[in-house]
Amino acid sequence: MNFYIVSLIKAAVVAGALLTTLAYLQWIERKVLAHVQLRLGPYRVGPHGLLQPLADVIKLLTKEDLYPPYVSGFLYFFAPFLAIALSLSAIAVIPFGPEITVFGIRTHMQLTDLDVGLLYILAISSLGVYAVALAGWASNNKYSLLGGLRASAQMISYELPMALALAAPLLLLNTLSLRGMVDGQAGYYLGILPRWSIFQGPWPQIFGFVLFLIAGFAETNRLPFDLPEAESELVAGFHTEYSSMKFAAFFMAEYCNMITLTSVAALLFLGGWHPLFPAAYGSDYVAPLLFAGGAVMCFYHGLNPARRRDRYTLPVFGVVFLAVAAALLFPPLKPVLIPLFWFAAKVLGLLFVFIWVRGTLPRFRYDQLMRFAWGVLFPVAMLNLLVTGVLVALF
Amino acid sequence: MSDVANPAPAATGEQHESSSGPRRLVLNMGPQHPSTHGVLRILIELEGETIVKANPDIGFLHTGIEKQAENEHWPQVTPLTDRTDYLSNLINNLGYALAVEKLLQVEVPPMAQWMRVMLCELQRISSHLVWLGTHAMDTGAMTVFFYCFRERENILRLFEMFSGQRMMTSYIRIGGLALEPPRGWEKAVGGFIRDFPSKVDEYEDLLSKNPIFLRRTQGVGFMSLEDLIDIGVTGPLLRAAGLKWDIRKSEPYSSYERFDFEIPTRTASDVYARYQVRIDEMRQSQRIVVQAMEGMPLGAWKTDAPRVVLPDREKMKTQIEALIYHFKLVTEGILVPRGEAYSCVESPRGELGFYVVSDGSANPYRVFMRTPSFANLQALGPMVEGTLIADSVASIGSLDFVLGDVDR
């Protein structure tokens, strides 16, 4: 009985946190992109546009749900549902932190610890291609069809280098359980260099990490590989005919896939929640210091406001930041929050790279994309795997 | 909500049965499409993603400006020319003004000529900025667009300072300029133009050596010089194919012969070569603006021809002759001697020609515009056939047409 209650609570917490992150990831993306592009981004709804995600959700919910007469009925409805269901279920095996004790109950910060966690994620994310292909086909629109075709070819092609890139750290860590993988990256070389996969001997997985990220861009249909929805060519690609919540489902699925992907990258290559340097050198104080620094910044700019509204909003943010910093130092909360901070920092850092790339790079052409997958990524990933295998066998 | 009425897509006529060979898909690109730059419709026959045939369908922005010009007084045509190629208004104004001035045989004072050159080059820069931004956007690079529009905004502010309008300036009139240049224009223009090369460097940082951009543009949209000349293509497209043809050099107008600038050319004749040519042209235009600003002659800003240009407001209020001229000009219009004249200018898109015919009355008998966009657009079909959809988008961007200029 206890197990079910704890699982339910955990599911609620994870789902709530995930959906909030999804909404705010979009806010972060718009803000970061805006500042890359000399704009301010969302600014009207709430202080610094912080309520924009809420407004977007309301907008999407209340938009007319178009049902074009020429679509292929059941599949047209099924595709967005499939997309969102698959991408949300992938998060179930992602661990966010180590074992913790809350109110006397010891539990993992993870919904479920599958022995084949990584295989599960790979399987679920490969199924995602069905949603896109079906949406493109069922929409009965030429742009959608082309987008769906592109997506299926692209995602299947990039699955392969991605799986090969993932296989190499598996050889080092010797497990498929995501929790086990993170445990395999604990500790430090010479007391300072973390034993993350990208640093771990005998063959650091730095190439594997880059390969995985590149393939990940393609898997999540992000620039420079966003061909399935290339708006300058295919209008909106596979979701041209979708509106309202059906469109939102695709949109959320894309962001959810991004979170899953960056989480896997952080878990497999960047040591999960293990800090960059040992606690003996004060890594526990990085997070409180960061937040305290943020608070100081907020107070400073609140006292010297550039806009009149900042005089009120920025000090409030400052107080919030200070509270977070205090919570990070508070002994009972520390074992939960510090690993969570390191994990979130890694995931957010990777997400920032995704957004940054979107603001910088042009888009590949379809044939170049395929050639890149099969001609560059695949051989390099294969070589990386071979070298890792040989070195692991020898040492 | 019935599923029965919707059979599988393949059966609903989505795929077009072609008389020859395999089944082809006809994609109706436009008139509402993000990268047709206006209301162009292109019928594309696809085999997979390869374009077998592309047929541009123009006319969605037909405004009848040429015909409308016949019902206006000569000076009233100037605002109409603004609205053909809406990215290079001042250059259109200049082309029309030059043609009419040729008929009237009036000489424009040096200050007005240099001011025209300066403003036209600013206009060229702003037009190329729009092209660069949208072209980069078509290839997927969003940020360049915003960088370009930052500088374009500054140029539009300058235009507003001169004429009171940001886009539809109508600032270059028959016989000179519309208004006296505003106080402090040297400082405003100078402040912008001296920093401009560093801004071009910024755009180049993002694109020129970007491997993805190179792969998207190099060797794409190739057309041989002979084909381009046969179709009548002019401007940067022709120069990117290696022909050093620029009206500013070959038939200098408005004192262009007094300026020191180069005509950038490339020989590759692909999308990347056109990109390089236009980037270099922005740098050359910057040089011209600096020269025009530094060597700006003093003197009148409109010609001394009371039957052509409106008198000063001050004189009109105090002198009877000026009042009479003003009254006659406004009510009767300019009486242009019988005859015909052709004058051409180098617009950002190529050779922009105005062929005007006068029957001696106050209205033009005919105003024909030889617009570069129209000729350049004809190259689209042969350029994209046999390439991919993504290439067609890059090619469309490299043609840099303005639909208002095509349809007028």
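Put simply, the side chain of B:R216 gets close to the backbone of A:R363: a donor and an acceptor are under 3.5 Å apart.
Looking at A:L33, the atoms closer than 4.5 Å to chain B (heavy atoms on both sides) all sit in the side chain, from C-beta outward. In this structure, no portion of B:V144 lies under 4.5 Å from any heavy atom of chain A. Contact annotation for B:R150: only side-chain heavy atoms (C-beta onward) come within less than 4.5 Å of a heavy atom of chain A. Looking at A:R358, the atoms closer than 4.5 Å to chain B (heavy atoms on both sides) sit in the backbone and in the side chain alike.
Surrounding CZ of A:F207 are at most 12 heavy atoms belonging to other residues, nucleotides or ligands under 6.0 Å away. Within 6.0 Å of OH on A:Y130 lie no more than 12 heavy atoms contributed by other residues, nucleotides or ligands. Shown here is A:M382, whose CE atom has no more than 12 heavy atoms of other residues, nucleotides or ligands within 6.0 Å.
To the nearest 0.5 Å, the span separating OG1 on B:T387 from CZ on A:R365 amounts to 8.0 Å. To the nearest 0.5 Å, atoms CD1 (B:I212) and CD (A:Q368) are separated by 9.0 Å. The CG atom of B:D391 lies 7.5 Å from the CG atom of A:D367; values are rounded to the nearest 0.5 Å. In this structure, the separation between OG1 on B:T143 and CH2 on A:W356 is 12.5 Å, given to the nearest 0.5 Å.
Nearest heavy atoms, A:P362 versus B:L207: CG-CD2, 4.5 Å. Nearest heavy-atom pair, A:L38 versus B:Y147, reported as atom, atom and distance to 0.1 Å: CD1-CD1, 3.7 Å.
Partners of A:Y242 according to the side chain to side chain donor-acceptor pair (under 3.5 Å) rule, which considers only residues two or more places apart in sequence or in another chain, do not exist here.
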